[in-house]
2 protein chains.
Amino acid sequence: MLSKKTQYALKALGYLAGKYGEGPVLISDISKIKKIPIKFLETILLELKQAGVLDSKKGKGGGYFLIESPKKTTLAQAIRLVGGPIALLPCVSINFYEKCKDCDEAVCGLNKAMKITRDATLKILEKKTLSELIDRADTFNL
Amino acid sequence: MLSKKTQYALKALGYLAGKYGEGPVLISDISKIKKIPIKFLETILLELKQAGVLDSKKGKGGGYFLIESPKKTTLAQAIRLVGGPIALLPCVSINFYEKCKDCDEAVCGLNKAMKITRDATLKILEKKTLSELIDRADTFNL
DNA sequence: AATTAAGTCTACTCATTTAATAGACTATTG
DNA sequence: CAATAGTCTATTAAATGAGTAGACTTAATT
């Protein structure tokens, strides 16, 4: 299961994807519509900005916005940006790999099974992009 | 990512699968070989017993053992037994479903994408069984 | 049969990580 | 310069992971 933080990040990105090209979006708007605790959302958006996906504008008329077209960022990338491993186990994670204390991976059945699972998951998440997160209720620009 | 608890459960089940038919296995053995904190492991094994996968024998010569052949239990079942959702989001989980506060699932892009991912994952985890978790180092009965 | 050793079972307590809240501070627009 | 909106720092709350102490059961030994 993805952490709350990652879930919120995906929802926020999906919302911003729907508003792409329409200028800055308020944190408070995202918070209200996507039902995300505003202070938690602040830190997530800041992190996504530092990661290079979002930019922001301060002051009146400010807000957050996607730097690139929603089609440029895959869901796999988005999940990893906020520190969310995609694999089910650390020992099969590509970006958050950690060796098991107890096992020799060459021989570990669990490792093998989970690698197959991971590959199936990645195959999907690396194809889908933020543009597919846009709710039909948010926009009609599809 | 699966919780530590679920990870430990899978490792323990894999070890017990390798010892299937050889009588009770000590908690302390599983703990040592699979590097699982022994007291944490106790609660996990107890839970698996109450769930009907394992049985135990008290006293001298006691321990835990699989009730049925390792081939009878799928990895998907095993993960769910210890309370581990397989899906990446609550709103696409079959056994631990929870509705999102903010979204209409019929229209939610995130929901749709994650359902596809879930199905791909389940397709694998519902085919593989505990017998595939047996390390080649644990046994030669393959 | 009584004793004892080997094992599971039950109930707390402590630590770490993850989530959520509050408020002060800084930059931008008009 | 006043109002708006993002940024930063600090604290609190909740969930998960891990550890401790001891009671209860069973089986082998004498």
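Every chain is numbered from 1 and lettered A, B, ... according to where its sequence line falls, protein lines coming before strand lines. Hydrogens, waters and symmetry mates play no part in the numbers below; they use all other heavy atoms, side chains included.
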Grab the CD1-P distance between I38(B) and dA6(C) for me, whole Å please.
14 Å
Send over the distance from E42(A) CD to dA22(C) C1', rounded to a whole Å.
11 Å
Whether K99(B) side chain and C103(B) backbone form a donor-acceptor pair below 3.5 Å
yes
Contact class for T43(B) (heavy atom, under 4.0 Å): base, sugar-phosphate, or nothing?
nothing
Tell me the interatomic distance from F40(B), atom CZ, to dC9(C), atom P, rounded to whole angstroms.
17 Å
With the side chain of Q50(A) defined as its heavy atoms from C-beta on, choose the nearest nucleotide among dT10(C), dG7(C), dC8(D).
dC8(D)
Does atom CD of E98(B) have more than 12 heavy-atom neighbours from other groups under 6.0 Å away?
no
To the nearest angstrom, how far is L26(A) atom CG from dA27(C) atom P?
20 Å
N/O donor-acceptor pair under 3.5 Å between R118(B) side chain and A87(B) backbone
no
Y8(B) OH to dG17(D) C1', straight-line distance once rounded to whole Å:
8 Å
5′-ward residue of the pair K4(B)/I27(A) relative to DNA chain D
I27(A)
List the atom of I44(B), the atom of A9(B), and the distance in Å for their closest heavy-atom pair.
CG2-CB, 3.7 Å
For dC9(C) and S56(B) - does any side-chain N or O of the residue sit under 4.0 Å from the phosphate oxygens OP1/OP2?
yes
Report the nucleotide, chosen from dT4(D), dG17(D), dT26(D), that has the shortest atom-to-atom distance to any side-chain atom of S3(B).
dG17(D)
Which whole-number value in Å describes the distance from K39(B) NZ to dC14(C) P?
17 Å
Please find out if less than 6.0 Å separates the ring center of Y20(B) from that of F65(B).
no
In whole Å, I'd like the distance from the NZ atom of K5(B) to the P atom of dA15(D).
14 Å
When rounded to whole Å, the CG to P distance for the pair L46(B) and dA11(C) reads 11 Å
DNA chain C: G63(B) or L2(A), which has the more 5' nearest nucleotide?
G63(B)
So S28(A), base contact, sugar-phosphate only, or nothing? Heavy-atom distance under 4.0 Å.
nothing
